[in-house]
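Numbers here simply count residues along the sequence, with the first being 1. When a ligand or atom number is given, it counts from 1 through the structure's own listing order.
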Amino acid sequence: MADRRGLLIILSSPSGAGKSTLARRLMAWDTGLKFSVSATTRQPRPGEEHGREYFFLSEDEFKQQVAEGNMLEHAHVFGNFYGSPAGPVKDTIESGQDVLFDVDWQGEIQIRNSDLGKHALSIFILPPSITELRRRLETRAQDSDDVISKRMLKSWDEISHWGYYDYVLVNDDLDETEERLKTIVQAERMRRIQQPRLQDHVRTLQTQFEEQS
Ligand code: ADP
Ligand code: 5GP
């Protein structure tokens with residue numbers, strides 16, 4: 001048995017608030033962290049690779065995966081389907097490694113309500129202002145003006161679900177947000193339920209206590 005159980009770390013934010021940047025920094029900080037590569041029916045962006053950022057599936061392939069019960073959660077976002085494969089998650093957390101999910105609020109709710117929900121840690125990233133959110137989306141320069149407008153419209157829907165999350169971080173200074181994120185992860189790893197060996201340890205303490213009294 002591993003010393004600790006892994007967490008299902010869920011990061012969500014309106015598009016452009018900095019979630020992917022923070023996810024990359026968290027993975028660089030702890031190379032044992034496993035990123036949950038989602039499946040999606042959206043087209044790959046320049047530089048994205050099948051199996052690295054996403055598994056790019058046709059709508060039929062995606063629906064088949066859902067029908068076969070292979071998705072821990074799934075949702076329709078910006079006119080495309082997205083879902084988190086369930087397969088490796090349970091084994092990974094049993095082996096003591098955390099799994100990082102970049103999903104929207106619909107994914108957060110479904111993961112929280114799943115069998116593994118008690119091991120979930122959800123963090124919502126807010127932008128410092130709407131002007132800055134638009135600026136970040138524009139400087140990322142990965143999407144057309146049309147897609148950016150669509151994402152801005154969707155951002156209030158995403159922000160309005162901030163209250164479902166365990167933690168909320170305003171991503172103003174990137175380095176500071178990264179530090180706060182790491183602090184949260186470090187603390188949450190010590191939740192009682194994340195430490196399967198504690199019960200044995202307390203039993204040992206009890207035996208010692210009885211022997212010495
Ligand atoms: P998301 O994954 O939430 O859509 P990204 O991580 O792609 O957002 O960030 C969008 C853009 O904003 C990127 O160009 C990123 O470098 C930049 N960015 C992220 N966080 C900050 C920050 N705290 N200050 C300034 N720019 C940021
Ligand atoms: P993007 O197209 O910018 O990569 O992602 C768009 C939105 O879909 C983001 O809010 C992202 O968090 C969300 N998303 C990505 N993968 C999944 C997933 O597997 N499930 C859910 N519910 N949302 C996802």
Side-chain angles (χ1 to χ4, degrees), residues 8-28 34-57 62 65-66 70-89 99-114 120 122-144 146-148 150-162 164-165 168-181:
L8 285 79
I9 304 174
I10 305 166
L11 272 187
S12 304
S13 75
S15 204
K19 176 188 44 178
S20 319
T21 308
L22 288 162
R24 274 195 298 275
R25 287 185 174 212
L26 207 56
M27 310 254 315
K34 297 268 174 247
F35 182 69
S36 167
V37 179
S38 296
T40 182
T41 58
R42 88 150 157 74
Q43 291 300 309
R45 295 189 186 121
E48 285 185 334
E49 258 178 45
H50 181 79
R52 193 179 64 189
E53 281 79 12
Y54 284 103
F55 295 106
F56 296 98
L57 304 184
F62 188 94
Q65 291 298 319
V66 173
N70 296 334
M71 295 291 184
L72 181 59
E73 61 77 34
H74 63 96
H76 200 238
V77 189
F78 303 126
N80 293 298
F81 292 101
Y82 292 84
S84 309
V89 177
V99 183
L100 182 61
F101 294 85
D102 171 343
V103 299
D104 78 338
W105 64 269
Q106 304 173 79
E108 195 264 1
I109 292 176
Q110 291 173 54
I111 294 174
R112 187 164 289 290
N113 290 335
S114 75
S122 68
I123 303 155
F124 194 83
I125 313 293
L126 282 174
S129 69
I130 297 299
T131 310
E132 175 62 10
L133 181 65
R134 178 178 283 280
R135 193 197 65 79
R136 287 183 194 171
L137 270 181
E138 286 168 359
T139 53
R140 187 169 69 180
Q142 276 181 332
D143 297 304
S144 64
D146 189 40
V147 171
I148 288 177
K150 227 165 125 190
R151 282 172 189 268
M152 283 302 294
L153 276 180
K154 176 82 169 60
S155 63
W156 186 252
D157 178 45
E158 191 66 24
I159 291 173
S160 69
H161 292 90
W162 66 281
Y164 288 103
Y165 288 74
V168 179
L169 296 173
V170 178
N171 180 21
D172 194 347
D173 180 87
L174 185 56
D175 291 340
E176 271 177 32
T177 312
E178 179 187 350
E179 285 313 308
R180 284 182 285 153
L181 185 58

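- From the protein, the heavy atom lying nearest to atom 20 (N) of ligand 1 is Asn171 ND2, 3.1 Å.
- Every atom of ligand 1 with a heavy atom of Ser15 under 4.0 Å away is listed here by number and element: 4 (O).
- Of the protein's heavy atoms, Tyr54 OH, 3.4 Å lies nearest to atom 5 (O) of ligand 2.
- The shortest contact between atom 7 (O) of ligand 1 and any protein heavy atom is with Arg140 NH1, 3.0 Å.
- Using a 4.0 angstrom heavy-atom cutoff, Glu158 does not count as in contact with ligand 2.
- Between Leu22 and Lys19, every side-chain heavy-atom pair lies at or beyond the 4.5 Å cut-off.
- Nearest protein neighbour of atom 19 (O) of ligand 2, counting heavy atoms only, is Ser38 OG, 2.7 Å.
- Within the 4.0 Å heavy-atom shell around ligand 2 one does not find Trp105.
- Note: no N/O pair closer than 3.5 Å links Arg24 and ligand 1 by distance alone.
- The pair Arg25-Asp175 counts as a salt bridge, with a side-chain nitrogen and a carboxylate oxygen less than 4.0 angstrom apart.
- Contact between Ile125 and ligand 1 is absent, with no heavy atom of the residue lying under 4.0 Å from the ligand.
- Within the 4.0 Å heavy-atom criterion, the part of Ser13 lying near ligand 1 is the side chain and not the backbone.
- The nearest pair of heavy atoms linking Met152 to Arg134 is CG-NH2, 3.7 Å.
- Ring geometry for His50 versus Phe55: interplanar angle over 60°, hence perpendicular rather than tilted (30 to 60°).
- Checking only distances, Ser13 never comes within under 3.5 Å of ligand 2, N or O to N or O.
- Taking only nitrogen or oxygen atoms, main chain and side chain alike, Ser20 reaches within less than 3.5 Å of ligand 1.
- Residue, atom and distance of the protein heavy atom nearest to atom 18 (N) of ligand 1 are Arg136 CD, 3.8 Å.
- Taking each heavy atom of Ser12 and Glu158 in turn, the nearest pair found is CB-OE2, 3.9 Å.
- Taking the charged nitrogens against the carboxylate oxygens, Glu48 and Arg42 do have a contact shorter than 4.0 Å, which makes a salt bridge.
- Taking 4.0 Å as the cut-off between side-chain N and carboxylate O, Arg135 and Glu138 do not count as a salt-bridged pair.
- Residue contacts with ligand 2, taken as heavy atom pairs separated by less than 4.0 Å, involve Phe78 solely via side-chain atoms from C-beta onward.
- The closest approach between Lys19 and ligand 2 falls below 4.0 Å for a heavy atom of the residue.
- Under a 4.0 Å criterion applied to the non-hydrogen atoms of Gly107, ligand 2 contributes the atoms 22 (N).
- Closest approach of Tyr164 and Ser122 over heavy atoms only: O-OG, 4.1 Å.
- Across all non-hydrogen atoms, the minimal contact from Asp157 to His161 is O-ND1, 2.7 Å.
- Asp172 places no side-chain N or O within donor-acceptor distance of the main-chain N or O of Pro128, the cut-off being under 3.5 Å.
- Taking every heavy atom of Ala75 and a limit of under 4.0 angstrom, the matching atoms of ligand 2 come to 22 (N).
- Taking the six-membered ring for Trp and the full ring otherwise, the centers of Tyr54 and Tyr82 sit less than 6.0 Å from each other.
- Residues Asn113 and Glu73 form no side-chain contact, since every pair of their non-hydrogen atoms from C-beta on lies 4.5 Å or further apart.
- For atom 17 (C) of ligand 2, the closest heavy atom belonging to the protein is Tyr82 CB, 3.4 Å.
- In this structure, Ser12 has no heavy atom closer than 4.0 Å to ligand 2.
- No part of His76 comes within 4.0 Å of ligand 2, judged by heavy-atom distances.
- Judged by the shortest distance from any of its heavy atoms, Glu73 lies inside the 4.0 Å radius around the atoms of ligand 2.
- Between Phe62 and His74, the ring-plane angle classifies as perpendicular under the 30° and 60° cut-offs.
- Inclusion of Lys19 in the set of residues having an N or O under 3.5 Å from an N or O of ligand 1 is warranted.
- For CZ of Phe35, the number of neighbouring non-hydrogen atoms (other residues, nucleotides, ligands) closer than 6.0 Å is greater than 12.
- Closest heavy-atom approach to atom 7 (C) of ligand 2 within the set Asp104, Ile10, Val77, Asn80: this belongs to Val77.
- Atom 6 (O) of ligand 1 has its closest protein heavy atom at Thr21 OG1, 2.5 Å.
- Between Arg112 and Ala120, the closest heavy-atom pair is NH2-O, 4.3 Å.
- If you look at Gln110 next to ligand 2, there are no close heavy atoms at all, none under 4.0 Å.
- Looking at atom 12 (O) of ligand 2, its nearest protein heavy atom turns out to be Asp102 OD1, 2.7 Å.
- Side chains of Val77 and Lys154 form a contact here, defined as non-hydrogen atoms less than 4.5 Å apart.
- Taking 4.5 Å as the limit, some side-chain heavy atom of Leu137 sits within range of a side-chain heavy atom of Ser15.
- The N/O atoms of His74, backbone and side chain alike, include none that comes under 3.5 Å of an N/O atom in ligand 2.
- Of all atoms in ligand 1, numbered sequentially from 1 with element shown, those under 4.0 Å from a heavy atom of Asp172 are 22 (C), 23 (N), 24 (N).
- Considering only non-hydrogen protein atoms, atom 1 (P) of ligand 1 sits nearest to Gly16 N, 3.4 Å.
- When each atom of ligand 2 is checked for a heavy atom of Arg42 under 4.0 Å away, the hits are 1 (P), 2 (O), 4 (O).
- Regarding atom 8 (O) of ligand 1, its nearest protein heavy-atom neighbour is Gly18 N, 3.2 Å.
- Side chain of Thr40 to main chain of Phe81: a donor-acceptor pair is present (N/O by atom type, distance under 3.5 Å, no hydrogens or angles).
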